[in-house]
Protein chains: 2
Amino acid sequence: MIKRTDSSPVTMFMGASTKQGYDIASKSRKIVKSLIDHKTRHLSPEERAIVERIVHSTADPEYADITKMSSNFVDESLKAIRNGQDILTDITMVKVGINQYPGDVKCYINHDETLALAKEEGITRAAAAMKVAAAEGFDGVVVIGNSPTALLEVLELVQNGDMDVKSVIGVPVGFVGAAESKEALHNTEIPHLITQGPKGGTPVAVAAVNSLINLKS
Amino acid sequence: MIKRTDSSPVTMFMGASTKQGYDIASKSRKIVKSLIDHKTRHLSPEERAIVERIVHSTADPEYADITKMSSNFVDESLKAIRNGQDILTDITMVKVGINQYPGDVKCYINHDETLALAKEEGITRAAAAMKVAAAEGFDGVVVIGNSPTALLEVLELVQNGDMDVKSVIGVPVGFVGAAESKEALHNTEIPHLITQGPKGGTPVAVAAVNSLINLKS
């Protein structure tokens, strides 16, 4: 549901809102292009914009190699975002990074219900948060920037018909389970973006979704 | 100033608070150690713990090569953190990642005064936020996870005697100015932690400060 249309106090370009900030972002964009242009020629303009923003945000050109999107990811995500559907994040840091979305950005990791469920089932809080969101009737774009267990939980909920998602940005980070959870998402029919291997994280998740929000207009 | 001593609802280990989360963090710690142990042997136990947490959070062993601390960084930071002195961050994402500190974590980037100052002086909001903090009498640990201009502003304020800092975690990210701003910090007498080159960012900043908070007890 779109609640506010005037939530942005300032016009932003890759996170910048002042002249100096804009100049830096603009220079950075040129450097990023020069570093990864040869790796992104096979992508659509929208997909290129997303990969460029991820590399801009991480200063790590390797993301041009490991970022993979399903062919329907951009269209399905943009449709959901243009409709103002909810965005669900695994952790608070990802939520606060999505600061230009007129719709709702939800995160249940610190909710009492989530803490109780995590304890009861012996699962992570991030995974429990996905169950809580599903039970509340979530339907929109899921953004997992940190937790492999949250991503695996989403896949199970969707497979069992217990959760509706329009697309999933699945970029959990870490040496334990992250790569496997992303591979599992990559093997589904869900419209998705992943980063192959252990790398990923909050800045990657935020860059991907903010790029989509920027592309919607 | 320490305001609350009971702010942590749960005991955390590398960000984990449930059994499954703890198991993952514990396995990850072993993998991180096996990947970077040979690179961290010259460090003190506290410095190693910080570097390991950064690599755990980013899944990027390169941080073991590029993370540099001044010899007084750990002692001065721990002293400030044990005293409950304020922590100042450049952006909100870094602030919300520091979720286990009993003292104050401040961030002025969205304050009206900051927006006005940025516009007036044609500087970034993150840099203006440092000036606002200095004017309010900040004295504590500065954590810059995103903005090179904020880091350069801190150096100028300290040099001019307009700001008191106990230590600076300076890990801004990006291809424009980030490496130079960190090199500038590295060349000062300020107790500091940096990541050499363009890489850095929110997860690195949060890992470093949360590791210190963990070490304080």
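Chain letters run A, B, ... following the sequence lines, proteins first and then strands; every chain starts at 1.
A pairwise comparison of heavy atoms in V173(B) and A59(A) identifies CG2-CB, 3.7 Å as the closest pair. Closest heavy-atom contact between K27(A) and V176(B): CB-CG2, 3.7 Å. Residues V55(B) and F175(A) come closest through the heavy atom pair O-CE1, 3.8 Å.
Taken from OG1 in T92(B) to NZ in K95(A), the straight-line distance is 12.5 Å, to the nearest 0.5 Å. Remark: D23(A) CG to T149(B) OG1 distance equals 11.5 Å, nearest 0.5 Å.
Neither the backbone nor the side chain of S147(A) comes within contact range of chain B; no heavy atoms are under 4.5 Å apart. Only the side chain of I31(A) comes within contact range of chain B, with heavy atoms under 4.5 Å apart. Using a 4.5 Å cut-off between heavy atoms, I91(A) does not touch chain B at all.
In K216(B), the NZ atom is crowded: over 12 heavy atoms of neighbouring residues, nucleotides or ligands sit closer than 6.0 Å. The number of heavy-atom neighbours closer than 6.0 Å to NZ of K39(A), taken from other residues, nucleotides and ligands shown, is above 12. For CD of E121(A), the number of neighbouring non-hydrogen atoms (other residues, nucleotides, ligands) closer than 6.0 Å is greater than 12. Heavy atoms from other residues, nucleotides or ligands lying under 6.0 Å from CG of N160(B) number more than 12. The number of heavy atoms from other shown groups lying within 6.0 Å of CD (Q196(A)) is above 12. Heavy-atom contacts from other residues, nucleotides or ligands closer than 6.0 Å to CG of D112(B) number 12 or fewer. Counting heavy-atom neighbours within 6.0 Å of E113(B) CD, excluding the residue itself, gives a total of 12 or less.
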Practice prompt. Assess whether side chain to side chain contact (heavy atoms under 4.5 Å, CB included) is satisfied between K199(B) and T58(A), documenting all intermediate values.
Written response: CA-CA 7 Å; K199(B) 281 165 124 183; T58(A) 57; over 6 Å; no
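Counting heavy atoms from C-beta on, the side chains of D60(A) and D60(B) come closer than 4.5 Å.
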